[in-house]
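Taking it in order: structure first as structure tokens, then the write-up.
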Protein chains: 2
Amino acid sequence: METRELRYFVAVAEELHFGRAAHRLGMAQPPLSRAISQLERRLGVDLLHRSSRSVALTEAGAVLLREGRAALDAVAAAERRTRRASENPGLVLVSKAGAAGELLPKMLDAYAAEPGAVPVEVVLCGAGQQEALLRDGRADVALLHLPFDSTAGLDTEELSTESQVLVMPAGHELSTRSSLRMSDLADVPWPRWPELDGTYAPGPGPEVHDATQLLQLISLGRAVTVLPESIRTSLHEGLTTVPVLDAPLVTTVIAWPPHSRSLALAGLIQAATRI
Amino acid sequence: METRELRYFVAVAEELHFGRAAHRLGMAQPPLSRAISQLERRLGVDLLHRSSRSVALTEAGAVLLREGRAALDAVAAAERRTRRASENPGLVLVSKAGAAGELLPKMLDAYAAEPGAVPVEVVLCGAGQQEALLRDGRADVALLHLPFDSTAGLDTEELSTESQVLVMPAGHELSTRSSLRMSDLADVPWPRWPELDGTYAPGPGPEVHDATQLLQLISLGRAVTVLPESIRTSLHEGLTTVPVLDAPLVTTVIAWPPHSRSLALAGLIQAATRI
DNA sequence: GCGTTTCCATACCCCCACGGTATCGCTGCG
DNA sequence: CGCAGCGATACCGTGGGGGTATGGAAACGC
């Protein structure tokens, strides 16, 4: 199967419309129709139920859509990483903006001090995007925070585990407590983070899209939230924290695509786990 | 990048010889040379150091070899799974021969009792092959045993954790002990399992390639070994076990490729975790 | 109910890119 | 210095991928 065929099929399967898919692919509709039927004939599998009015996926077609997307991602990642490897011998590390605390600089310093260390470019992105960046080859390695991020399909090493604290303005009614439980926070509206598609789920809390914005909202008394305790080192005045005893523990892991353990990456991982 | 180009490059990168690579690909050498230089020109990256006498990978070439293999695997898996989905709506589960104990039949029964369950084909294979079967699409889901198997690049759910026991013939000198420590076994020669390539590492222990063979060797007094305690339910007479207190705990997990969570697979995973 | 619109499939043509053969040019070796 | 080995280049033929025009079936409007 050629990637061209996969691209064609994925386009048709997503649009469920040969005309639109052909337009998206920058080609005419008839060759696209032919390409898909050839693919079906070569696989010996019906991928689409067609009537002259509508197109629908068969069971097998749904499988090929899922698997084909992953395969196309893998090909794109191969190309991107190859290009990056030639123009820049370094690594690209991705982390959530504002979430890395002191671990990240320590790790980078420790790695930079090693013989044979390569430059590490740090990319900060929104929550939930790290996986996509790793999968399609724009990044080599990521810092993830369990249990929030998923490590599906990645190799990982645990770096640290920490408890969580409630972050609030200094004058907040809960700021005098020495510790809290989740039940104390039952009726607090949580800030809402964007979904993968960039939209927000409905709810009472304020919409936020990065940690800076969140901390500013907290300063203004418009929000409170529970964050890993390492956030305390980067809080400005006017904010205070109280431990939340039964909040889930947050584990920071370093994660990378399983097949891509280059020498440089192995060094960085090793440096990270030694901290 | 087309898969054809990737196949060509991988062949050349593995052979480091255009003539042999072309032969392996069933084509003549000149079009292969051209295809590779075109690929290099299109990527804008030198993949190979060539002299008229020898070929060597550049840094970027090494990256493309790694990533390209993974991408080709993904494409092959997409094709295989699609074909399987059309001719057979079931799932293929792979487990190490003799390692699944009672968990596997329980799991299959629990799943089969569910509404909408599909047939599950069980494939038993040698140690360390499950990952390859999952990666290239010949299987949908696997039972793995940590810490022996690696779950790199897979999604997993823990099913059970058990301690390990020493398995030996009934008359063995250690069989009268109520428990053991690893230090008691320091000078016991371990049976040797095949490596990924099918060869055996040198060493004093007997060579084995499946659990049946191993148990027979133990019956004959030619070997002893440490196995998860669930093995006890399937031991025939003449073999006995003693707990090894400080042997690593064995966790059985169910594992699947991260992007392939079909409805049927989700059902099987759920049934498995409920046990 | 018939024209119209909206799709996907078919028919036909063209061109390019892929693969083949022949050959060159470089290099290490006897 | 000649030869053998190997990759690159030159040139050619063909198959297949893409284009346009058109067919044909199904939903929709009046």
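Letters go in sequence order (proteins before strands), and every chain restarts at 1. Source: prediction; values computed, not measured.
Closest non-hydrogen pair, Tyr111(A) versus Gly116(A), comes out as OH-O, 4.3 Å. Minimum heavy-atom separation, Leu143(A) to Gln130(A): O-NE2, 3.2 Å.
Distance, Arg41(A) CZ to dG17(D) P: 11 Å, rounded to whole Å. Rounded to whole Å, the distance from CG on Leu25(B) to P on dG20(C) is 10 Å. Rounded to whole Å, atom P of dT21(C) lies 12 Å from atom CD of Gln29(B). When rounded to the nearest whole Å, the span between CG of Asp46(B) and P of dA8(D) equals 12 Å. For Leu39(A) and dG18(D), the CG to P distance is 13 Å, given to the nearest whole Å. His17(B) has its NE2 atom 14 Å from the C1' atom of dA8(D), to the nearest Å. As rounded to whole Å, 12 Å separates atom C1' of dA8(D) from atom CD of Glu40(B). Rounded to whole Å, atom C1' of dC7(C) lies 12 Å from atom CZ of Arg50(A).
Gln38(B) comes within 4.0 angstrom of the backbone, heavy atoms only, and of no base.
If you check distances only, the side chain of Arg34(B) does reach the base of dG19(C) with a donor-acceptor pair under 3.5 Å.
The Pro30(A) side chain lies nearest to dT10(C) when the options are dG19(D), dG17(D), dT10(C).
Between Glu157(B) and Trp256(B), the closest side-chain pair of non-hydrogen atoms falls below 4.5 Å. The shortest distance between side-chain heavy atoms of Leu65(A) and Val10(A) falls below 4.5 Å.
OP1 or OP2 of dG19(C) sits under 4.0 Å from a side-chain N or O of Arg4(B). One finds a side-chain N or O of Ser33(B) lying less than 4.0 angstrom from the OP1 or OP2 phosphate oxygen of dA8(D).
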